[in-house]
Amino acid sequence: NPYSYYKGIQAKIGDVEYKTLNAAVVAAQEGDTVVVVGDDATLSSAPINDNVRIVSDGDRTIKASYFDCKNKLIIGDGNSENGILTIDGNGGGRFVQASVTDGVIINSDVAVKNFNGDANGVIKSNGTVTIDGATFEDISGTGFNVGYQGQIYLKGNVKINSDMKAYIDAVSYTHLT
């Protein structure tokens, strides 16, 4: 939306506009959908209320860093016809850590790229992470780290175009068809 870009708006919840994606995520209440409407939005560690969804209004890239999800977070809406939401780690180490059941769902209209996972992984699950057809590009080091009592579910056509390793500690991951 050129109007949103001109005004310096990065995200919206309903009709309420936010200058930063972080401000929108912090303001989001249970069940809200945060729509990324601006390019070059940045998402960094911020408290996330339960059952918040982040989607885009077209092909958008956000710069992201570490999230410790203690509540449910849904990224993407599973409809790539609305555009692809690319989460660019800018060479950083970790994108998300889930510490609750049904903690994070990453849908098929999401691309995760440019992360350099350390031993803790780009995605670490001590809870549950569901990856439903997302794409992973330019990921080096440990991609998935499943910790004690954690699970990562891979559904659909998950694409991994990188030199990514999976570190499984104590539990396992499941590929659902």
Results of side-chain contact (heavy atoms from CB on, under 4.5 Å) for [X] - residues two or more places apart only:
X: Asp32; value: Ile13, Ala28, Gln29
X: Glu81; value: Asn79
X: Thr42; value: Lys63
X: Asp59; value: Ile84

Any non-hydrogen side-chain atom of [X] less than 4.5 Å from a side-chain atom of [Y]?
X: Asp109; Y: Asp77; answer: yes
X: Val25; Y: Val52; answer: no
X: Thr86; Y: Ile62; answer: no

Which pair of heavy atoms, one from Ser56 and one from Val35, lies closest together, and at what distance?
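Nearest pair, atom of Ser56 first, then Val35: C-CG1, 4.1 Å.
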How close do Lys12 and Gly14 get, counting heavy atoms only, and between which atoms?
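Closest pair (atom of Lys12, atom of Gly14, distance): CE-O, 3.6 Å.
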Quick one: which of Asp132, Thr135, Ile131 gives a side-chain contact (heavy atoms from CB on, under 4.5 Å) with Val158?
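When side-chain contact (heavy atoms from CB on, under 4.5 Å) is applied between Val158 and each of Asp132, Thr135, Ile131, only Ile131 qualifies.
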All side-chain hydrogen bond (donor to acceptor under 3.5 Å, both in side chains) counterparts of Asn107, not counting sequence neighbours:
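If we apply the side-chain hydrogen bond (donor to acceptor under 3.5 Å, both in side chains) test to Asn107, skipping adjacent residues, there are no hits.
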With sequence neighbours left out, write down each residue that passes side-chain hydrogen bond (donor to acceptor under 3.5 Å, both in side chains) with Lys113, or none if nothing qualifies.
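Scan of Lys113 (side-chain hydrogen bond (donor to acceptor under 3.5 Å, both in side chains), adjacent residues dropped) gives none.
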Connected via hydrophobic side-chain network under 4.5 Å: Val16 and Val36
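Yes.
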To the nearest 0.5 Å, how far apart are CD1 in Ile105 and CD1 in Ile74?
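It is 4.5 Å, given to the nearest 0.5 Å.
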Nearest-0.5 Å distance that lies between atom CG in Asp88 and atom OG1 in Thr61
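Answer rounded to 0.5 Å: 7.0 Å.
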Donor-acceptor pair, side chain of Glu30 and main chain of Asn51, under 3.5 angstrom
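Not confirmed, Glu30 side chain does not pair with Asn51 backbone.
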Mind running side chain to side chain contact (heavy atoms under 4.5 Å, CB included) on Ile54 and Leu43 for me, showing each step along the way?
CA-CA 11 Å; Ile54 300 174; Leu43 189 63; 4.1 Å; yes
